[in-house]
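Since the structure is predicted, the reported quantities are computational estimates derived from the model, not experimental observations. All values below come from the heavy atoms of this structure, side chains included, with hydrogens, waters and symmetry mates left out.
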Amino acid sequence: MKTILKMTPLVGAMALLAACGTTMEQRAATGAIGGAVAGQAIGGNTTATVGGAVAGAAVGAATTPRRPN
């Protein structure tokens, strides 16, 4: 239960950071930073940090609105 309580604000912060930027690259970068911070706080090791960065970058890139063709 403690892990879930610890993760809740970090997931919210990661979601907010994933929305920063106007291009896909900017959103992926800010998502990766937020994910790395969340991964380190939750897991406390390198694997968790890298995993969080990858997940954050994917979320950041996925939140980029599509441009009309």
Any donor-acceptor N/O pair, Gln40 side chain to Val37 backbone, under 3.5 Å: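 No, Gln40 side chain to Val37 backbone: no donor-acceptor pair under 3.5 Å.
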Arg27 side-chain N/O to Thr63 backbone N/O, donor-acceptor pair under 3.5 Å: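 The answer is yes, because a donor-acceptor pair under 3.5 Å joins these two groups.
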Residues Thr22 and Gln26: side-chain donor-acceptor under 3.5 angstrom: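 Yes.
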